[in-house]
Asks: 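This is the structure I have questions about; it appears just below.
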Amino acid sequence: MQTVKLSNGVEMPILGYGVYQVTPEECERCVSDALSVGYRMIDTAQAYYNEEGVGRAVKKSGILREELFLVTKVWISNAGYEKAKASIDESLRKLQTDYIDLLLIHQPFNDYYGSYRAMEEAYKAGKLRAIGVSNFYPDRFIDLAEFCDIKPMVNQVETHVFNQQRQPQEIMKEYGTQIMSWGPFAEGRNDFFTNPVLKAIGEKYGKSVAQTALRFLIQRDVVVIPKSTHKERMEQNLDVFDFSLSAEDMETIGKLDKGESLFFSHYAPETVKWLTSFGKD
C-alpha cells in the first residue's frame, strides 16, 4: 500500500475503505470483508452510527492494531470543548481502541474552535495520532489554521473528477495539510460510471472507470476512501497500484473538472440548516 506522510511524520495509507451510508447492521460484515481483501484504513464518523460495527470487525480480524489506520469524525451536535472531549472518549469506546489514528471535525459549523482545542489536547495526550477537518472550504480552513496551535493535518473534502479541488489543495499545501477525498466516484452522479472519457482511458490500461478515477486522484496525491458493500468491488478498488496514467491522460481527465460541488454548497443557508438539524437533542 502506498502511503502519504502527514506533517507530524505519521504514515497514512493513500487508499482506504469508507463506511458512509453503510448501515449499522451491515457495517461489521463490510469492514470484515474490506480487511480480508487488504484494506488497512477504515473511515467512519460519529454521524454514521456505525463506529461499533467497525470496532467489532477490527477486533475479530486479529490484525495487529498498529497495522490499521482508523479515522472518525466529531459531529456538529458534539461540537464545543466539553462535548467534543466526551465524544472522543465515546468514539474510542465504540471502536474498542486506545487511540484513533485520525480524528476530523466533520463539518465547519457550531463551536468547531472548541472542538479543535479538545482534539489538540487529546492529540497531546496520545489518544489521537493525527487531527484535522472535513468539509472546510478555503475561507474557514485558513481561519482555523491561522488561529490554532496544531495545524490541521488533513482536510477531507468532496473530491472527484468533476470537482478536483485544485486551488483548495494548493492552499492546504501551504499549511502542510493533506487533502483527502470523500465521494471519489461522485456517488454515481453525472453518469460517472459510464463516462466516455474515463471509459476510453481505462480500456487502454485494462482498467474500469472506477479504477481509472481512483488512479487519477492517487497520482495527484489525494487520499481516497471508496465505498462498496460488494467484496469483489472492494478488491477492484484496491487494484490500482499496478499501472500509472500518462501525463496526457492526466491532462485529459483534468478537463472534466467543473470546479463545483455535485451535491450542495456549505455556503447555502438551506444546506447549513439541513446539516445543523441532525443529532440535535
Asks: At what distance, to the nearest 0.5 angstrom, does CD of E121 lie from CZ of R117?
Replies: 10.0 Å
Asks: Going from OH on Y116 to CD on E120, what distance comes out if it is rounded to the nearest 0.5 angstrom?
Replies: 5.5 Å
Asks: Aromatic ring centroids of Y175 and F141 under 6.0 Å?
Replies: yes
Asks: Consider only side-chain N and O atoms of Q211 and S208, and report whether a donor and an acceptor are under 3.5 Å apart.
Replies: yes
Asks: For Y267, look at atom OH and say whether over 12 heavy atoms of other residues, nucleotides or ligands are found less than 6.0 Å away.
Replies: yes
Asks: If you look at every heavy atom in K227 and V22, which pair is closest and at what distance?
Replies: CD-CG2, 3.8 Å
Asks: I want to know whether Y112 and F136 have ring centres closer than 6.0 Å.
Replies: yes
Asks: Would you say the side-chain atoms of H106 and Q156 include a donor-acceptor pair closer than 3.5 Å?
Replies: no
Asks: For K204, look at atom NZ and say whether over 12 heavy atoms of other residues, nucleotides or ligands are found less than 6.0 Å away.
Replies: yes
Asks: Provide the closest heavy-atom pair for R215 versus S244 in the form atom of the first, atom of the second, distance.
Replies: NH2-OG, 3.6 Å
Asks: Taking atom types as modelled and ignoring hydrogens, do the side chains of T44 and E51 form a donor-acceptor contact shorter than 3.5 angstrom?
Replies: no
Asks: Roughly how far, to the nearest 0.5 Å, is CE of M41 from CE of M180?
Replies: 4.5 Å
Asks: Measuring from atom CD1 of I14 to atom CG of L214, what distance do you get when rounded to the nearest 0.5 angstrom?
Replies: 10.5 Å
Asks: Would you kindly confirm whether L217 and L256 end up in one hydrophobic cluster when ILVMFWY residues are joined by side chain heavy atoms under 4.5 Å apart?
Replies: yes
Asks: Distance check, rounded to the nearest 0.5 Å: Q107 atom CD versus S134 atom OG?
Replies: 6.0 Å
Asks: Apply the side-chain hydrogen bond (donor to acceptor under 3.5 Å, both in side chains) test between N78 and each candidate in Q46, E90, K73, K83; give the one that qualifies.
Replies: Q46
Asks: Please check this pair: side chain of E158 against backbone of S181, looking for a donor-acceptor N/O pair closer than 3.5 Å.
Replies: no
Asks: Establish, from distance only, whether the side-chain atoms of D33 and S36 form a donor-acceptor pair under 3.5 Å.
Replies: no
Asks: Distance only, no hydrogens: is a donor on one side chain within 3.5 Å (strictly under) of an acceptor on the other, for Y113 and D143?
Replies: yes
Asks: Once you measure the plane-to-plane angle for F192 and F162, does it fall in the parallel (<30°), tilted (30-60°) or perpendicular (>60°) bin?
Replies: perpendicular
Asks: Tell me whether R189 at atom CZ has more than 12 heavy atoms from other residues, nucleotides or ligands lying less than 6.0 Å away.
Replies: yes
Asks: Checking side-chain polar atoms at under 3.5 Å, does N135 have a donor or acceptor matched by the opposite partner on W182?
Replies: yes
Asks: When you measure from the side chain of Y20 to the backbone N and O of G183, does any donor-acceptor pair fall under 3.5 Å?
Replies: no
Asks: Look at atom CD of E66 and say whether more than 12 heavy atoms of other residues, nucleotides or ligands are closer to it than 6.0 Å.
Replies: yes
Asks: Does E203 pair with K199 as a salt bridge, N-O distance under 4.0 Å?
Replies: yes
Asks: Answer yes if L68 and L6 sit in the same cluster of Ile, Leu, Val, Met, Phe, Trp and Tyr residues linked by side chain heavy atoms under 4.5 Å apart, and no otherwise.
Replies: yes
Asks: Report the residue from I150, L102, N8 that forms a side-chain contact (heavy atoms from CB on, under 4.5 Å) with I131.
Replies: I150
Asks: Let's go through K273 and E270 carefully: what are the C-alpha distance in whole Å and the side-chain angles of both, what is the deciding distance for salt bridge (charged side-chain N to carboxylate O under 4.0 Å, His left out) to 0.1 Å, and is it a yes or a no?
Replies: CA-CA 5 Å; K273 284 182 179 177; E270 60 272 21; over 6 Å; no
Asks: Please determine whether a side-chain nitrogen of the Lys or Arg among K127 and D98 lies less than 4.0 Å from a carboxylate oxygen of the Asp or Glu.
Replies: no
Asks: Strictly below 4.0 Å, N to O, side chains only: are E52 and K94 in salt-bridge contact?
Replies: no
